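Every chain is numbered from 1 and lettered A, B, ... according to where its sequence line falls, protein lines coming before strand lines. Only a predicted model underlies this, so the values are computations on that prediction, with no experimental measurement involved.
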2 protein chains.
Amino acid sequence: MPRAVEADRLMNMTFNRFKKEASITEEELCREFFNEHCRLIKVKNEKIAVKNLALIIKTTIRLSNEIGFYSMSMRDLSRETGLSMGALYSYFPGKGRLLDMIHHLGGKTVMRVLQTYIEKEESPAEKLETAVRAHLYLSEIMKDMFYFFYMETKNLNKKNRKTPVASELLTERVFIDILKEGVKKGIFKIDDILLTGSVIKAMLQDWYLKRWKYRKRRINVEKYAGFVIRFINKNIIKELK
Amino acid sequence: MPRAVEADRLMNMTFNRFKKEASITEEELCREFFNEHCRLIKVKNEKIAVKNLALIIKTTIRLSNEIGFYSMSMRDLSRETGLSMGALYSYFPGKGRLLDMIHHLGGKTVMRVLQTYIEKEESPAEKLETAVRAHLYLSEIMKDMFYFFYMETKNLNKKNRKTPVASELLTERVFIDILKEGVKKGIFKIDDILLTGSVIKAMLQDWYLKRWKYRKRRINVEKYAGFVIRFINKNIIKELK
DNA sequence: AAAAAAAGAACGAACGTTCGCTATATTTTT
DNA sequence: AAAAATATAGCGAACGTTCGTTCTTTTTTT
């Protein structure tokens, strides 16, 4: 069916379109961060707070991804942000809490974006493709943050440590629900839905966990997305006999 | 072809058989460790050294997987092993070097086992299945060490940091070479060999990176191996028309 | 008795955090 | 409108703690 394939290709959400539509700006996220934690942030001026929070969060993620959150000292953060030790502690209650707060922000953002895009689609096949693309594109835009999330989970305090575990399962659940719906409607044929959901998640994570590898091989996110979707579809789409 | 499938199933390497055959004992690995680094180890009695090295390495991996290698202090290690601070420093030159030494040991072991098992097989299809199973079974036996490798890579010193990156690519190459051979012999039909190798690696890694998830769902390593192999095969085995 | 191994007190460096201070912006009073 | 008072942001030295490591002493083995 070359015509149908062609139509599909035209309808594919491109990375650039997603980037424009989603328009997840650093500033907007930091404003949300500020409003949510203003009780813990000593700086009251929103304009100043948002500016410096953006600087602090960006620098924390960068340094953590280079040497690990635990290895990054507050003096490192002070030097790299240009803010003094005292000033830093006006923006968060302590090093550990800073980590928790960034995690909280990221988790919420991912789920919000994912849900928004899935709701737009009708059929399970379209939902699945959209979910895969939205997840990959979002992780491409926020690649440092995604890597940071994955690698620094164990450094969270016990209360918040459950969140990313739950978040891992939550993202996976989105895919499992789509798969279930597809099976129910007779569109998908899947042996093991749970395991299928797991390996989909694994393939999505590989994109941001092995960035250096894919960059080196000049594989862009759209190519990867297309490959993953075809790879999945071969295993779940009912064959027409 | 129910008969062929049945034959295949009988020939599948089981986890228990692998465990017996490979017989990777903690003690044997530590003896290798001792002989390789005896220049840096002050304790000369092999029996004592191997016993305590096993204790030190096991405890280091356990504590690192719980709280991270950097968060684990030498006092933690002293308390948990029951060895004094002074005694610890008779077994390795320093905390950083201990990490390097464990990584070195693990990397060598993985490649050795993988190569041994692949050499036994003839056809690419069998090689692929064996490689997948050997990798998964090995990571099941040494699950803590595999998790440790992945999570503590960035804490290695710069000289040794290249090793795990190279090791990631090295393991992947094993699979890519099998895929290439299969295509050449006309057994496999693959669009993108490099990307196929990548997602195979991603699925294998998921097994030891998300141990808690699979344990909770009561999915054992053999079931996972079977699923992964079928998932891959649907994408690479030439269809008979 | 000599050698090897283990012990644990001690050391300086570096850690996260605090706190008194200065500088600047905003509000209130005159 | 000018002056005084207050509030806020930023600073960096200093604190107590904990870190990796060393070194002398004690115990165990040969």
Checking [Y] against [X]: is there a side-chain donor and acceptor pair closer than 3.5 Å?
X        : Y        : answer
B/Ser198 : A/Arg217 : yes
A/His103 : A/Glu152 : no
A/Lys210 : B/Gln205 : yes
B/Tyr214 : B/Asp206 : yes

How long is the line joining [atom1] of [X] and [atom2] of [N], in whole Å?
X       : N      : atom1 : atom2 : answer
A/Lys44 : D/dG10 : NZ    : C1'   : 16 Å
A/Leu40 : C/dT17 : CG    : P     : 14 Å
A/Phe69 : C/dC15 : CZ    : C1'   : 13 Å
A/Phe92 : C/dG16 : CZ    : C1'   : 10 Å
A/Tyr70 : C/dA14 : OH    : P     : 16 Å
B/Leu63 : D/dG20 : CG    : P     : 12 Å
B/Ile41 : C/dA4  : CD1   : P     : 16 Å
A/Arg97 : C/dT17 : CZ    : P     : 11 Å

>> Nearest heavy atom decides the nucleotide; on that basis, is B/Tyr89 or B/Ile48 closer to the 5' end of DNA chain D?
In response: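 That would be B/Tyr89.
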>> Go nucleotide by nucleotide along DNA chain D from the 5' end; which of A/Val43 and B/Asn45 gets its closest nucleotide reached first?
In response: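 Closer to the 5' end of DNA chain D: A/Val43.
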>> Any base atoms under 4.0 Å from A/Tyr91, or only sugar-phosphate, or nothing? Heavy atoms, all strands.
In response: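 Sugar-phosphate, no base atom in range.
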>> Under 4.0 Å, heavy atom to any atom of DNA chain C: which of residues 73-88 of chain A qualify?
In response: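 Per residue number, the list reads A/Ser73, A/Met74, A/Arg75, A/Met85, A/Gly86.
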> Is the shortest side-chain N/O distance from A/Asn52 to OP1 or OP2 of D/dG10 below 4.0 Å?
Replying inline: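 Answer is yes, contact under 4.0 Å.
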> Can you find a side chain N or O atom of A/Lys95 that sits less than 4.0 Å from OP1 or OP2 on C/dG16?
Replying inline: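 For A/Lys95, the contact criterion (side-chain N or O under 4.0 Å from OP1 or OP2 of C/dG16) is met.
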> Can a salt bridge be assigned to the pair A/Glu21 and A/Lys120 using a cut-off of 4.0 Å between side-chain N and carboxylate O?
Replying inline: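 The answer is yes: the pair qualifies as a salt bridge.
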>> Is there a ring-ring contact (aromatic ring centres under 6.0 Å, His included) between A/Tyr70 and B/Phe69? Walk through the geometry before answering.
In response: CA-CA 9 Å; A/Tyr70 205 84; B/Phe69 181 75; over 10 Å; no
Let me check something: any side-chain donor-acceptor pairs from residues 80-89 of chain A under 3.5 Å, sequence neighbours excluded? List them with distances.
residue: A/Glu80; atom: OE1; partner: A/Arg62; partner atom: NH2; Å: 2.8
residue: A/Thr81; atom: OG1; partner: A/Leu77; partner atom: O; Å: 2.7
residue: A/Thr81; atom: OG1; partner: A/Ser78; partner atom: O; Å: 3.3
residue: A/Thr81; atom: OG1; partner: A/Leu83; partner atom: N; Å: 3.2
residue: A/Ser84; atom: OG; partner: A/Ala87; partner atom: N; Å: 3.1

